[in-house]
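Have a look at the structure below, then the notes.
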Amino acid sequence: MDPSSPQREARYRTAAELALAPAAAAAVDSPSAYGTTFGLLADLAAGATQVVVVVPDAAASTEVRALAARVRSEVAPGLVVAVVDDSSARAFAEAGFELFAGRRSTPGPTSETSLATAYVCRDFVCRLPVTDVASLDRELAQA
C-alpha cells in the first residue's frame, strides 16, 4: 500500500483517535499538563491539509523564495508542508508517495524558466495549482 495513500492515513487516524481517547478526559481536568495532547486532538479534529510546493531545479529567484517562505510560515492544525524541487517530486512519486504524483513546477514565460507551483490538498484531494503568494493565500483560506 502506498505510504501516503488516503486508506493508510485513515487507518493511522483511527489508531491515533483510539490512543488519545483515554487522555482526552484527563486533559480536560488538567489542561496545563496536556498541551501536546490538545495539539494532537486539534490536528485530528481539523483533518489533513497538505501543501506541496514544487520549485524548479536549482531555483533561487525572489518569486520562488516568496512562495516557499509563505507556505513555511503557515501554522494550522493538521497542516503538512513539503517544499521540494522537480527532481525530488519525481523521486517521491516514483517511490510510491501519491501526494507527489504529477506535481511539478509550471513552465514560465520563456523556455528556460519555470515557476514555483503550490498544490493545496485537503484529505488528499488537491485544488488547482497556484504560482503566486496571493493565490496561495486564497487557497489556504479555503482549505
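Quick note: residue numbers are just sequence positions, from 1. Bear in mind the structure is a predicted one, so any value in this text is a computation, not a measurement.
- Each disulfide bond (SG atoms under 2.5 Å apart) pair with one or both residues in residues 18-55, not counting sequence neighbours, would appear here, but there are none.
- Between Thr117 and Arg104, the closest side-chain pair of non-hydrogen atoms is not below 4.5 Å.
- Look at Arg13 and Glu17 and you find a salt bridge, because one of the NZ, NE, NH1 or NH2 atoms lies within 4.0 Å of a carboxylate O, short of that distance.
- There is a path of hydrophobic side-chain contacts, each under 4.5 Å, that joins Val55 to Val130.
- The nearest pair of heavy atoms linking Pro56 to Ser114 is CG-O, 3.3 Å.
- Distance CZ/Arg103 to SG/Cys126: 4.0 Å, rounded to 0.5 Å.
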Item checked: Verdict with reasoning, Thr131 to Thr106, per side-chain hydrogen bond (donor to acceptor under 3.5 Å, both in side chains) -> CA-CA 8 Å; Thr131 57; Thr106 300; 5.8 Å; no
Can you list, pair by pair, the side-chain donor-acceptor contacts under 3.5 Å of residues 24-32, counting residues two or more places apart and other chains?
none

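- The side-chain hydrogen bond (donor to acceptor under 3.5 Å, both in side chains) check on Gln142 picks up Arg127, with sequence neighbours excluded.
- Residue Pro77 comes nearest to Ala46 through the heavy atom pair O-CB, 3.4 Å, listed as atom of the first residue, atom of the second, then distance.
- Not counting sequence neighbours, the partners of Arg70 by the salt bridge (charged side-chain N to carboxylate O under 4.0 Å, His left out) test are Glu74, Asp137.
- Legend: ring pair (Phe, Tyr, Trp, His ring centres under 6.0 Å) pairs involving residues 68-92, not counting sequence neighbours, sorted by first then second residue: Phe92-Phe97, Phe92-Phe100.
- Leu79 and Phe38 are assigned to two separate hydrophobic clusters, defined by single-linkage of ILVMFWY side chains at heavy-atom distances under 4.5 Å.
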Note to self: Apply side chain to side chain contact (heavy atoms under 4.5 Å, CB included) to residues Val53 and Val84 and explain how you reach the verdict.
What the structure shows: CA-CA 6 Å; Val53 177; Val84 297; over 6 Å; no
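- Among the candidates Leu128, Val51, Val54, Leu99, the single residue satisfying the side chain to side chain contact (heavy atoms under 4.5 Å, CB included) test with Tyr119 is Val54.
- Side-chain heavy atoms closer than 4.5 Å link hydrophobic residues (I, L, V, M, F, W, Y) into clusters, and following such links, even through other members, never connects Leu40 to Val81.
- Each side-chain hydrogen bond (donor to acceptor under 3.5 Å, both in side chains) pair with one or both residues in residues 36-49, not counting sequence neighbours, appears once here: Thr49-Arg122.
- The shortest distance between side-chain heavy atoms of Leu136 and Val120 falls below 4.5 Å.
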